[in-house]
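Each chain gets a letter, A, B and so on, in the order its sequence line appears, and its residues count up from 1. What you are looking at is a predicted structure, and each value in this text was computed from that prediction instead of being measured.
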2 protein chains.
Amino acid sequence: MSQRNTAVTDQFTDDCPLREVLALIGDKWSAQVLVELGEGPRRFTQLERAIEGISRRMLTVSLRNLERNGLVTRTVYPDSPPSVEYATTALVEEIREPLEALSAWARHAGPAILEARRAYDDRC
Amino acid sequence: MSQRNTAVTDQFTDDCPLREVLALIGDKWSAQVLVELGEGPRRFTQLERAIEGISRRMLTVSLRNLERNGLVTRTVYPDSPPSVEYATTALVEEIREPLEALSAWARHAGPAILEARRAYDDRC
DNA sequence: CAGGATCCTGTGTGATACTG
DNA sequence: CAGTATCACACAGGATCCTG
């Protein structure tokens, strides 16, 4: 009861900043949520359909964490049926570039990594 | 026995490249290992001392994963006592910049994130 | 539509002890 | 020094059912 949301570490006093970032978006889904929201504001079900394989529960959890850390805003429109819109905050804009650099690297380095993996597995 | 090392996903066919990167270095220690090795080649015990809180086991596991994915090389010098040197590969050079950008962001955005967290926790 | 509440499982991680 | 082996556990994540 009321145990706080600990899906993400509560501390931000780590000495390794990189680990702090990973504590924020390093889980299985948060990064993808941010990517999708980067295209523009989305509703819950839109996100659910866009992100292949995510469960309702994990989408909720991820969004809550992102919201709690100020990376995503949640806007409720009191319609019926209910309508909720999620969007990224300015904070996220500042990491869009490095994040896309990592994506690009993944695409470009993918083959080399697979090759390294094969080589390693062969030797062992 | 001989079940392959699955601390990191075996697939690199994911549709979200960002998630692939996180599958490589998104765990608790790998990023810090890379950061430390970024300073130059290190020996096992050097890493163990430099990375606060890491256990021998997790250092081994992380290094093995990084090695398997071609991000780190392992060189054994047949001395007595044994001596092993770890170093990053060229692959890692290409993500040093975006990684450092994320670190910088963590330092700079840290206060805002803490503030957002406080605000969120207050409301709930 | 947009969740919340439960239950359950895999695995990532840590503590400890042992070895070439 | 640089690991391996074993146990033990918390927790992220999935499945399912329920609600305003």
- Item | Nucleotide C:dC1, atom P - distance to CG of A:L47 in whole Å | 14 Å
- Message: Once hydrogens and angles are ignored, does a donor-acceptor distance under 3.5 Å link the base of C:dG3 to the side chain of A:R57?
- Response: no
- Message: Of the listed nucleotides (D:dT4, D:dA2, D:dG13), which one gets closest to any side-chain atom of B:V84?
- Response: D:dA2
- Note on the structure: Judged by nearest nucleotide, the residue sitting upstream toward the 5' end of DNA chain C, B:M58 or A:F44, is A:F44
- Task: Could you tell me whether the side chain of A:I54 reaches within less than 4.5 Å of the side chain of A:K28, counting heavy atoms only?
- Result: no
- When clusters are formed by joining ILVMFWY residues with side-chain heavy atoms under 4.5 Å apart, either directly or through shared neighbours, do A:L22 and B:V21 land in the same one? no
- Query: Over how many whole Å does the gap from A:R56 atom CZ to D:dT16 atom C1' extend?
  - Reply: 11 Å
- Query: Between C:dG4 atom P and A:L59 atom CG, what is the distance in whole Å?
  - Reply: 11 Å
- Nearest whole angstrom, please: distance from the C1' of D:dC11 to the CG of B:D27. 16 Å
- Message: Check whether A:T89 reaches the backbone of A:G70 with its side chain - one donor and one acceptor, N or O, closer than 3.5 Å.
- Response: yes
- What heavy-atom pair brings B:L18 and A:L99 nearest, and what distance separates the two atoms? CD1-O, 3.7 Å
- Message: When you compare the side chain of A:L66 with that of A:T88, does any pair of heavy atoms fall below 4.5 Å?
- Response: no
- Whole angstrom value for the distance that separates C1' of C:dG12 from CD1 of B:I54: 13 Å
- Message: Just the rounded figure in Å: distance from P of D:dC1 to CZ of B:R74.
- Response: 16 Å
- Message: As a test of reading the structure: which of C:dC1, C:dG14, C:dG3 is closest to the side chain of A:R64, going by heavy atoms?
- Response: C:dG3
- A:R43 has an atom CZ; how far is it from atom P of C:dG3, in whole Å? 10 Å
- Task: Grab the CG-P distance between B:L63 and D:dC1 for me, whole Å please.
- Result: 16 Å
- Query: Any side-chain N or O of A:S83 less than 4.0 Å from the OP1 or OP2 oxygen of C:dC1?
  - Reply: no
- Message: Assuming nearest nucleotide by heavy-atom distance, tell me which of A:P82 and A:S55 is located more 5' along DNA chain D.
- Response: A:S55
- Query: In terms of side-chain heavy atoms of A:Y86, which of C:dG3, C:dT13, C:dA2 is nearest?
  - Reply: C:dG3
